[in-house]
Undergrad: 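Handing you this structure, nothing more for now.
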Amino acid sequence: MIRSAFLLALLTAAPLSHAAPASALSTVSERSGFQATGRYEEVIALCAAFQKAYPKQVKCIDFGRTPEDRPMKALIVSASGAFTPLDAKRQGLPVTLIQGGIHAGEIDGKDAGFLALREILEGRLAKGALSKQVLLFVPVFNVDGHERFGKWNRPNQRGPVEMGWRTTAQNYNLNRDYVKADAPEMQAMLGLVNAWDPLTYVDLHVTDGAKFQHDVSIQVEPVYSGDPEFRKAGLALRTNVIADIARQGSTPQSYYMSFAKTDDPMSGFVDSVSEPRFSTGYFQLRNRMALLVETHSWKDYPTRVRVTHNTVISILEQVAKHGKAWQQAAWAADARAAKLAEAKVALTYRTTDKTEMVDFQGYEYTRQHSDVSGMLMTRYDESKPQVWRVPLRQEVVPDLEVTAPRAGYIVPAAHAAQVAAKLKLHGIAFRKLDKAVERAEVETFRADKASFGATSFEGHQRLTLDGQWKTEARTIGRGALFVPIDQPKARLVMAMLEPQAPDSLAGWGLFNTAYERKEYMEEYVAEDVAREQMAADPQVAAEFQRLLATDPAFAKNPHARLEFFAKRHASWDERFNLYPVMRTNVAL
């Protein structure tokens with residue numbers, strides 16, 4: 001890995017001897033022999049230059065502004081003149097959205113994407129592919145992070161000489177933000193997605209991890225999750241792309257190449273389904289395909305750009321060949337999603353213990369005790385390739401399953417504005433009630449246990465709830481929201497509004513105040529209340545005595561003993577631990 005100040009100065013001053021000649025559409029990376037990468041000013045310039053060079057095929061747009069007031073650039077590329085979502089819809093063209101730099105230190109996608117785009121427009125590769133789809137290319141998603149430029153921002157990555165930063169200027173990790181959509185950048189991206197409705201969303205990364213020979217992983221959903229029938233399209237996309245790039249010399253795997261046990265090669269690998277905070281966990285909820293490309297950080301930058309470039313070309317060729325059929329499959333999944341009422345829907349998935357042994361291309365290594373960390377440390381010898389025989393677990397099954405409501409969800413007026421803003425970001429349909437509904441039969445979820453996260457995560461205090469839905473009559477006030485389940489994004493609706501879903505609004509702490517006790521009874525008052533209740537109701541007295549005799553923890557806890565009676569008093573807050581969102585079997 002070459003990271004010297006001398007090389008940096010050399011790259012800044014002039015192209016390397018083996019570098020490509022200067023061109024209005026070439027990148028700093030290409031001209032440096034793929035040793036360096038350019039700053040964001042280059043993206044702005046190239047976006048305009050591609051439009052100028054190919055005015056009938058390329059349109060350069062801004063689709064948002066970052067917190068540091070930089071433009072978020074996208075290139076719309078079409079051989080059929082489809083430069084608006086309406087154009088694409090009228091022509092029946094599938095849309096492919098390729099995104100680089102969500103983690104701006106992992107910047108292969110930007111340089112590979114520009115190179116692939118130029119070669120396609122020159123007619124050298126993927127011939128005819130742009131007449132059968134619309135390409136949206138976002139060279140850098142995390143623009144502000146890209147401009148936090150430094151030589152050692154990725155210490156376990158070989159090149160480029162300098163690169164951007166993982167998180168945004170507000171320190172959000174955008175690949176944890178798809179559902180909660182806190183970051184302005186994510187809100188802009190969702191606006192682009194809602195407008196264009198891409199069939200395929202491609203997320204270009206560089207993985208961290210151990211040293212081994214494999215150069216890339218290709219993961220796609222739906223394969224294990226989402227609509228069962230639509231998984232066939234996801235599997236076909238994954239299979240075909242892996243086959244394409246393998247023919248070009250890559251050694252792709254279909255799972256994330258991170259050891260089951262940290263730093264232990266013999267622990268093997270475990271495939272899984274990402275949660276909806278990630279791109280591949282999110283788009284299957286919209287009945288669309290997401291493809292995660294993870295080149296391997298210990299490959300040098302020229303290799304990683306080449307592999308990413310080949311993958312981009314393959315994806316565009318595959319969508320050109322099969323996009324129409326996959327588009328029909330996606331629409332069929334939309335129709336099935338709108339009929340999920342009262343069906344079981346998986347909110348989480350787990351990997352079973354079913355194991356197969358696989359050959360994995362690694363290197364010889366030693367594991368020795370470290371006098372620095374005090375634990376086993378692995379050292380790899382890259383001069384000695386070695387085949388590892390390791391376990392792989394890749395049977396994924398539903399874990400937490402919930403029956404969808406018959407009609408939908410109700411969000412009380414007190415939380416309506418807050419929730420409506422989130423629903424709008426995802427293009428989810430809902431309506432506001434213009435009158436109250438007295439004693440509506442609904443389902444409510446009261447937590448038996450509410451567990452708050454010990455630390456902040458992505459700016460939130462996470463919340464985990466244990467409990468179940470129960471039927472009861474409650475008044476629904478005017479101004480509440482009704483969110484129907486009969487819509488194409490029904491899976492996303494459930495992922496956001498089911499309280500036990502891993503990336504639900506509740507899980508991200510939007511309703512934490514519902515689980516904070518605010519009213520208390522003084523102990524000397526509770527003492528009198530306890531005696532009054534036992535005198536008035538022998539069953540209460542008997543239950544209290546039973547708990548004293550059978551529950552030692554209760555018996556030793558004075559506050560629990562008094563709370564036993566406080567909960568039965570008219571002053572007890574009946575909304576405490578009550579999830580603010582309700583379910584309904586009747587459309588409102």
Side-chain angles (χ1 to χ4, degrees), residues 1-8 35 103 105-108 150-167 173 175-176 205-219 249-272 274 278 292-305 307 350-395 454-455 457:
M1 178 167 58
I2 304 173
R3 289 185 179 272
S4 68
F6 171 75
L7 177 57
L8 177 60
Q35 299 297 316
H103 296 153
E106 306 168 23
I107 205 57
D108 307 12
K151 292 175 64 176
W152 290 101
N153 286 347
R154 294 273 292 167
N156 54 332
Q157 178 176 296
R158 289 176 171 158
V161 175
E162 291 183 296
M163 72 286 289
W165 193 255
R166 183 177 185 84
T167 56
N173 184 338
N175 204 27
R176 307 293 184 273
H205 287 252
V206 182
T207 188
D208 297 327
K211 292 181 180 179
F212 43 73
Q213 299 175 57
H214 295 274
D215 53 11
V216 64
S217 66
I218 304 293
Q219 294 173 270
S250 282
T251 53
Q253 296 290 349
S254 63
Y255 50 87
Y256 194 84
M257 291 180 283
S258 181
F259 298 141
K261 295 180 181 178
T262 301
D263 202 37
D264 182 1
M266 289 300 102
S267 67
F269 304 95
V270 180
D271 207 356
S272 61
S274 294
F278 300 92
L292 176 66
V293 179
E294 292 271 6
T295 55
H296 186 40
S297 62
W298 289 109
K299 300 299 179 184
D300 60 31
Y301 197 51
T303 298
R304 299 203 319 270
V305 171
V307 173
R350 64 179 177 86
T351 307
T352 72
D353 292 330
K354 183 179 178 181
T355 303
E356 60 181 305
M357 300 302 293
V358 298
D359 290 334
F360 191 85
Q361 306 300 315
Y363 297 107
E364 286 191 15
Y365 65 93
T366 59
R367 301 194 76 205
Q368 297 176 337
H369 180 82
S370 168
D371 57 1
V372 175
S373 66
M375 60 183 181
L376 284 175
M377 178 186 66
T378 306
R379 289 188 180 276
Y380 299 91
D381 186 346
E382 293 177 86
S383 69
K384 298 178 180 179
Q386 185 181 72
V387 176
W388 300 339
R389 187 73 173 167
V390 296
L392 171 64
R393 292 163 52 203
Q394 57 180 350
E395 182 181 63
T455 60
F457 177 62

Undergrad: Mind jotting down which residue pairs meet the salt bridge (charged side-chain N to carboxylate O under 4.0 Å, His left out) criterion with at least one end in residues 367-381? Sequence neighbours excluded, please.
TA: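 Residue pairs passing salt bridge (charged side-chain N to carboxylate O under 4.0 Å, His left out), neighbours aside: D264-R367, D381-K384.
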Undergrad: Considering all heavy atoms of both residues, which atom of S267 and which atom of F259 are nearest to each other, and what is their separation?
TA: OG-CB, 3.6 Å
Undergrad: For the atom pair CH2 (W165) and NE2 (H103), what is the distance rounded to the nearest 0.5 Å?
TA: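 Nearest 0.5 Å value for the CH2-NE2 distance: 12.5 Å.
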Undergrad: Passes side-chain contact (heavy atoms from CB on, under 4.5 Å), I107 versus Y301? Steps please.
TA: CA-CA 10 Å; I107 205 57; Y301 197 51; 3.4 Å; yes
Undergrad: For residues Q35 and P302, report the shortest heavy-atom separation together with the two atoms involved.
TA: NE2-CG, 3.7 Å
Undergrad: Answer yes or no: is there a donor N or O on one side and an acceptor on the other, between the side chain of D300 and the main chain of R158, under 3.5 Å?
TA: no
Undergrad: What closest approach, in Å, do D215 and P252 show between heavy atoms, and which atom pair accounts for it?
TA: OD1-N, 4.2 Å
Undergrad: Is there side-chain contact between I218 and V293, with at least one heavy-atom pair below 4.5 Å?
TA: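 Answer yes - side chains close enough.
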Undergrad: Run the side-chain contact (heavy atoms from CB on, under 4.5 Å) test against S297 and tell me which residues pass, sequence neighbours left out.
TA: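 Here the qualifying residues are R154, Q157, V206.
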Undergrad: Enter the distance from L392:CG to D359:CG here, rounded to the nearest 0.5 Å.
TA: 11.5 Å
Undergrad: Heavy atoms only: give me the nearest N156-W298 pair and the separation to one decimal.
TA: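 Closest approach of N156 to W298: CB-CZ2, 3.6 Å.
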Undergrad: Tell me, please, which residues at least two apart from T455 pass side-chain hydrogen bond (donor to acceptor under 3.5 Å, both in side chains).
TA: none
Undergrad: Under the side-chain contact (heavy atoms from CB on, under 4.5 Å) rule, what do H296 and T303 come out as? Steps first, then yes or no, please.
TA: CA-CA 9 Å; H296 186 40; T303 298; over 6 Å; no
Undergrad: Verify the neighbour count for atom CE of M357: are there more than 12 heavy atoms of other residues, nucleotides or ligands below 6.0 Å?
TA: yes
Undergrad: Using only heavy-atom distances, determine whether the side chains of H205 and E106 contain a donor-acceptor pair under 3.5 Å.
TA: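 Yes.
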Undergrad: To the nearest 0.5 angstrom, please state how far the CG atom of N173 sits from the CZ atom of F457.
TA: 7.5 Å
Undergrad: For a 4.5 angstrom cut-off between non-hydrogen side-chain atoms, does Y365 reach Q386?
TA: yes
Undergrad: Does some side-chain heavy atom of Q213 sit less than 4.5 Å from a side-chain heavy atom of Y363?
TA: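 Y363 vs Q213: side chains touch.
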Undergrad: Of all the heavy-atom pairs spanning D263 and Y380, show the shortest one and how long it is.
TA: OD1-OH, 4.3 Å
Undergrad: If you look at every heavy atom in G159 and R304, which pair is closest and at what distance?
TA: O-NH2, 2.9 Å
Undergrad: Kindly indicate whether the side chain of V390, heavy atoms from C-beta on, has any atom under 4.5 Å from the side chain of V358.
TA: yes
Undergrad: Is there side-chain contact between M266 and P391, with at least one heavy-atom pair below 4.5 Å?
TA: no
Undergrad: Mind checking the CD-OG1 spacing from Q219 to T207? Nearest 0.5 Å is all I need.
TA: 8.5 Å
Undergrad: Answer yes or no: is there an ion pair linking D271 with R393, defined by an N-O contact shorter than 4.0 Å?
TA: no
Undergrad: Are the side chains of Q394 and T351 in touch, meaning some heavy atoms are under 4.5 Å apart?
TA: no
Undergrad: Any side-chain heavy atom of M257 within less than 4.5 Å of one from E294?
TA: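 Counting from C-beta outward, M257 and E294 never come under 4.5 Å.
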